[in-house]
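Scope of the values below: all heavy atoms of this structure, side chains included, with no hydrogens, waters or symmetry mates. Every number for a ligand or one of its atoms is a count from 1 in the order of the listing. All residue numbers refer to positions in the sequence shown, counting from 1.
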Amino acid sequence: MPERLSPAQIERYWDEGCIFPIRVMSEADAAEHRALLEEFECRTGGPLKGDLRHKSHLLFAWLAKLVRHSGILDAVEDLHGPDLLCWTTNFFIKEAANPAFVSWHQDSTYWGLSRPDVVTAWFAFTEAVEANGAMEYIPGSHKLDQIPHRDTFAKNNLLTRGQEVMVEVDPSQRRIITLRPGEMSLHHVRLVHGSPPNPSNDRRIGFAIRYIPTSVAQVAGEDSATLVRGEDRYGHFALEPEPSRDLDPKFLDLHRHITERNAKILYRGTEIASYNEPKALAERG
Ligand SMILES: O=C(O)CCC(=O)C(=O)O
């Protein structure tokens, strides 16, 4: 057992649904990660878009390494044991002085996973503070069952369906997840959380890595995941290969296939079939 987390941190995770800050790498190394992302964005003419923001660890070798980073996995193992899958990854990028926000929600709502044994490692490429739209959460809310959500498809909402909890959230209860670059928070899949816009003059960049023990299954369709530690004795997911270089054409094809299939799970019950469409639908009203 790695024991990256102290007993007090483990207790707080199960009690409050979230712990932070946990240092994964130095600020200088986090700045290098940001530079790698921005070098790609510069070359391709602007911020990472659409489905490139999802499962990006299948496209970039440096992100494939990040999801396997022992500073992250040792902490996840302390919560969920030694056999771990990375189910997905999602960039949450808020541009400077931009209205993008994340409504109050529980991650578990549309993911189709068999049990709420899912932890997100939200890794900070930049600092995340109140002034640039850091994540906020309601302590203890992960102990609630699944709360009904309504889909809004709101234009500036970064979530797939712009989904929000159909209960009043008391803002006086909220806690802000403040992180320096290279630190992470860990949050439970049932935690009620969200984040306001970023009015600052720099981007706020987070990379959310979703981990599950291999015993968790997908119940809403065919799915794949990356074995990042231990052994998979269940075979609930097709196992994804690791890219050894960035943007390998074989991996671009695989990524397209996987993200299209995932979109069917995440958007089931709507008319939407891909990560690129929701804004268009919202604009059509
Ligand atoms: O990055 C944010 O502000 C929100 C992220 C989020 O909702 C998540 O990681 O589940």
- Task: Applying salt bridge (charged side-chain N to carboxylate O under 4.0 Å, His left out), name anything that partners Asp170, two or more places apart in sequence or on another chain.
- Result: none

- Fellow cluster residues of Ile258, listed by chain then number, with links counted only when side-chain atoms sit under 4.5 Å apart: Leu58, Phe251, Leu254

- Query: Can you name the residues that form a salt bridge (charged side-chain N to carboxylate O under 4.0 Å, His left out) with Asp232, not counting sequence neighbours?
  - Reply: none

- Task: State the OG1-CG distance between Thr109 and Asp107, to the nearest 0.5 angstrom.
- Result: 7.5 Å

- Query: Can you name the residues that come within less than 4.0 Å of ligand 1, going by heavy atoms only?
  - Reply: Phe92, Lys94, Val102, His105, Asp107, Trp122, Met135, His187, His193, Ser195, Arg204, Ala208, Arg210

- Message: With side chain to side chain contact (heavy atoms under 4.5 Å, CB included) as the criterion, how do Ile265 and Asp223 come out once you've worked through the C-alpha distance, each side chain's angles and the decisive distance to 0.1 Å?
- Response: CA-CA 9 Å; Ile265 293 175; Asp223 207 350; 4.0 Å; yes

- Task: On the 0 to 90° scale, with breaks at 30° and 60°, tag the His193-His187 ring pair as parallel, tilted or perpendicular.
- Result: tilted

